[in-house]
Amino acid sequence: MQASILQNPWRLLLAVNAAVIAGVFVHKIQLPPYVPYIHLLVDYHFGFIKRALIGAIVALFTDKVPVWLVFALAGATWLATLGLYARLFQKTFGLTAKTLPLFVFIAGSPFFLKNFMHTLGHFDIYGCALALVLLLLPAGSLLFVALATLFSIVLVLIHHIHLLMYVPTIITIVVIRHYLAYGCNRTNLAFGAIALAVVAALFFAAQFLGTMPVPEADFVAYLKTRMADPSRTSLLQFSYIWYQPLSKEVSDTWAWMPHNVLGVPVFALLIWLHTPLWRYFANLIGALASDLHRRLVIAALIGVSLAYLVMFAMVFDYSRWISNWAVCMFLILHAVKMLPAARETPPIPAEDRNTNIFGLALTLIPRVGIVRPF
């Protein structure tokens with residue numbers, strides 16, 4: 001029995017991952033180092049501003065926002081993301097003994113669900129959840145492109161940095177699932193170009209026109225009227241971000257760069273621990289039936305990665321950015337699997353000793369973090 005578990009430990013690793021996620025949740029609730037509460041308070045009371053969509057939706061249902069609502073909304077979104085990913089994996093690969101190592105490497109990655117649990121209340125997970133929806137829906141009509149455009153607009157209104165974080169992955173999913181699978185014609189190409197222009201224009205409006213138009217003292221005073229407990233003023237300490245210009249964000253990032261760049265070797269190690277997964281992804285791309293598909297997928301991977309490099313130069317939440325980059329790679333892997341293949345790609349071996357070691361290491365790492373590793 002013990003020898004069997006050592007040779008094929010994937011069911012055990014799946015159970016350990018579940019326990020680790022529960023532990024991360026308990027730690028997050030008991031010792032929250034930062035509660036992203038303010039985003040639930042900010043709405044369009046003073047006109048169009050950036051980062052206000054979630055707060056505006058909350059304002060439709062309640063005038064006073066309790067702190068626990070951060071965890072309630074974030075927890076519900078996390079559970080929805082878990083359910084969407086489980087359904088996607090079952091649809092794409094099937095959940096069997098042969099595919100279980102792949103499931104553990106993705107779902108059990110410290111970049112993915114475990115880190116989303118650690119960053120409860122942050123906006124990153126919304127991009128992942130909406131991309132998962134697009135991977136599950138039929139993609140044969142322009143309605144699919146329209147829905148992807150709507151999702152991109154929603155993400156930019158939640159936070160304009162999504163233009164770099166998840167919109168490139170959504171574009172990749174649309175290109176793979178609609179344009180490559182069903183072909184290009186004048187109508188869908190024109191529709192796609194208009195959609196890109198609309199999303200880009202919204203981003204520039206949010207970035208350069210979405211600054212709060214009233215003095216910060218008036219803004220904070222309004223936020224206090226939305227708080228269930230106005231005495232907890234420490235939760236409003238980040239109100240300055242609605243006034244901070246892009247130049248200040250970039251200068252702060254580069255000022256912290258010498259310190260934060262020390263985490264790069266840790267990020268490189270975490271990426272290396274996913275080697276069996278990256279090898280499978282490369283084999284999946286190599287097995288595509290069309291040379292054009294291969295070239296476009298590689299170009300998309302480069303494009304998504306370059307978008308994250310731009311983010312690295314602008315905002316210094318490096319642990320979140322590298323985690324979301326990895327999640328985007330996981331999402332694109334699923335999209336690539338949906339393309340026609342010339343041959344079957346062998347699954348990640350379930351009884352390979354090195355693969356087992358990598359899987360165990362990733363399982364035991366609880367999360368990556370927000371700014372610096374762990």
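Quick note: residue numbers are just sequence positions, from 1.
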Query raised in the report: Between Y182 and V145, is there a shared hydrophobic cluster once you connect ILVMFWY residues whose side-chain heavy atoms come closer than 4.5 Å?
Result: no
Report task. Not counting sequence neighbours, which residues clear ring pair (Phe, Tyr, Trp, His ring centres under 6.0 Å) with F123? List them please. Result -> H159, H162
**Report entry** L147 side, atom CG; L142 side, atom CG - distance, nearest 0.5 Å
**Finding:** 12.5 Å
Report task. Write out all pairs satisfying ring pair (Phe, Tyr, Trp, His ring centres under 6.0 Å) with one or both partners inside residues 345-367, taking only residues at least two apart or from two chains. Result -> W272-F358
Requested in this report: Starting from the C-alpha separation in whole Å, work towards a yes-or-no answer on ring-ring contact (aromatic ring centres under 6.0 Å, His included) for F105 and W10.
Outcome: CA-CA 10 Å; F105 267 96; W10 299 102; 5.8 Å; yes
For residues 309-318, run the donor-acceptor check on the side chains, cut-off 3.5 Å, and write out each pair with its distance to 0.1 Å, sequence neighbours left out.
unit_1, atom_1, unit_2, atom_2, d
D317, OD2, R320, NH1, 2.5
Y318, OH, F312, O, 3.2

Report task. Answer yes or no: is there a side-chain heavy-atom contact under 4.5 Å between L246 and E249? Result -> yes
**Report entry** Sequence-distant partners of F111, ring pair (Phe, Tyr, Trp, His ring centres under 6.0 Å), two or more places apart
**Finding:** H274
N/O donor to acceptor pairs below 3.5 angstrom from side-chain atoms of residues 205-219, sequence neighbours left out:
unit_1, atom_1, unit_2, atom_2, d
Q207, OE1, H160, NE2, 3.3
E216, OE2, S239, OG, 2.7

Query raised in the report: Hey, does the side chain of K91 reach the backbone of A86 with a donor-acceptor pair shorter than 3.5 angstrom?
Result: no
Requested in this report: Test W242 against I38 for side-chain contact (heavy atoms from CB on, under 4.5 Å), laying out the working first.
Outcome: CA-CA 11 Å; W242 276 268; I38 191 170; 3.9 Å; yes
**Report entry** Heavy-atom donor-acceptor pair, N356 side chain to P9 backbone, under 3.5 Å
**Finding:** no
Query raised in the report: Y308 side chain to M165 main-chain N or O, any donor-acceptor pair under 3.5 Å?
Result: yes
Query - Side-chain touch R232/M227, heavy atoms, less than 4.5 angstrom - result: yes
Report summary line: One should read off an interatomic distance between I365 CD1 and N115 CG, to the nearest 0.5 angstrom, of 11.0 Å
Query raised in the report: Checking Y166 side chain against Y126 main chain: does a donor-acceptor pair fall under 3.5 Å?
Result: no
Report summary line: CD1 of I176 to CG of L296, rounded to nearest 0.5 Å, is 8.5 Å
Requested in this report: Could you identify which residues cluster with V264, counting Ile, Leu, Val, Met, Phe, Trp and Tyr as linked when any side-chain heavy atoms lie under 4.5 Å apart, either directly or through a chain of such contacts?
Outcome: V261
Requested in this report: Could you check F203 against L155 for side-chain contact (heavy atoms from CB on, under 4.5 Å), going step by step and ending with a plain yes or no?
Outcome: CA-CA 10 Å; F203 165 77; L155 290 174; over 6 Å; no
Query raised in the report: Taking atom CG of L53 and atom CD1 of I153, what is their separation to the nearest 0.5 Å?
Result: 11.0 Å
Query raised in the report: If we only count heavy atoms from C-beta on, is the W325 to W321 side-chain gap below 4.5 Å?
Result: no
Query - hydrophobic_cluster_shared for L262 and I322, side chain cutoff 4.5 Å - result: no
Query - Pair N17-T363, side chain to side chain donor-acceptor pair (under 3.5 Å): steps then yes or no - result: CA-CA 6 Å; N17 268 297; T363 294; 3.1 Å; yes
Query raised in the report: Listed by chain and number, what are the side-chain contact (heavy atoms from CB on, under 4.5 Å) partners of R177, not counting sequence neighbours?
Result: L135, A139, F144, I173, M338
Query - Over all atoms of both residues, closest heavy-atom pair of Y44 and F48 - result: CD2-CA, 4.0 Å
Query raised in the report: Counting only heavy atoms not in F238, do more than 12 sit closer than 6.0 Å to its CZ atom?
Result: yes
Query raised in the report: Under 3.5 Å, side chain of N188 to main-chain N/O of N185, donor-acceptor pair present?
Result: yes
Query raised in the report: Which pairs with one or both residues in residues 331-346 pass salt bridge (Lys or Arg N to Asp or Glu O under 4.0 Å), sequence neighbours excluded?
Result: K337-E344
Query raised in the report: Is K114 reaching over with its side chain to a backbone N or O of V20, donor-acceptor style, under 3.5 angstrom?
Result: no
Report task. Please step through ring-ring contact (aromatic ring centres under 6.0 Å, His included) for the pair F46 and Y222, ending with a clear verdict. Result -> CA-CA 10 Å; F46 297 107; Y222 170 72; 5.4 Å; yes
Query - Heavy-atom check, side chain of M329 versus side chain of L333, under 4.5 Å - result: no
Query raised in the report: Who pairs with T233 by side-chain contact (heavy atoms from CB on, under 4.5 Å), at least two apart in sequence or on another chain?
Result: K224
Requested in this report: Tell me, with the steps shown, if I171 and L196 meet side-chain contact (heavy atoms from CB on, under 4.5 Å).
Outcome: CA-CA 9 Å; I171 293 171; L196 286 174; 3.5 Å; yes
Query raised in the report: Going by side-chain heavy atoms closer than 4.5 Å, which hydrophobic residues are tied to L143, directly or by a chain of links?
Result: none
Query raised in the report: Below 4.5 Å, heavy atoms only, C-beta onward: do L13 and L362 meet side chain to side chain?
Result: no
Report task. Go through the steps for I54 and H39 under the test side-chain contact (heavy atoms from CB on, under 4.5 Å), then give the verdict. Result -> CA-CA 7 Å; I54 293 178; H39 285 79; 5.6 Å; no
Query raised in the report: Can you tell me how far CZ of F116 sits from OG1 of T81, rounded to the nearest 0.5 angstrom?
Result: 7.0 Å
Requested in this report: Decide if atom CH2 of W278 counts as having more than 12 heavy atoms of other residues, nucleotides or ligands within a radius under 6.0 Å.
Outcome: yes
Report summary line: Those residues at least two apart in sequence (or on a different chain) that pass side-chain contact (heavy atoms from CB on, under 4.5 Å) with S152 are V167, I170, V199
Query raised in the report: If you look at every heavy atom in S319 and P373, which pair is closest and at what distance?
Result: OG-N, 3.3 Å
Query raised in the report: Are any of the side-chain heavy atoms of L41 and V58 separated by less than 4.5 Å?
Result: no
Query - Non-hydrogen side-chain atoms of P340 and H293 separated by less than 4.5 Å - result: yes
Requested in this report: Check the hydrophobic clustering (I, L, V, M, F, W, Y; side-chain heavy atoms under 4.5 Å; chains of links allowed) and say if I357 and V16 are grouped together.
Outcome: no
**Report entry** Close side-chain approach of D229 to V67, heavy-atom, < 4.5 Å
**Finding:** no
Report summary line: For Y85, the side chain to side chain donor-acceptor pair (under 3.5 Å) test, sequence neighbours excluded, returns H334
Query - Rounded distance (nearest 0.5 Å) linking atom CG of L134 with atom CG of L88 - result: 11.0 Å
**Report entry** Side-chain donor or acceptor of R226 paired with backbone N/O of D63 under 3.5 Å
**Finding:** yes
Query raised in the report: Do side-chain atoms of K50 reach the backbone of L157 as a donor and acceptor pair under 3.5 angstrom?
Result: no
Query raised in the report: Is it true that a side-chain atom of T119 and a backbone atom of H122 form a donor plus acceptor pair closer than 3.5 Å?
Result: no
Requested in this report: Could you check whether the rings of F93 and F89 sit parallel, tilted or perpendicular, using 30° and 60° as the cut-offs?
Outcome: tilted
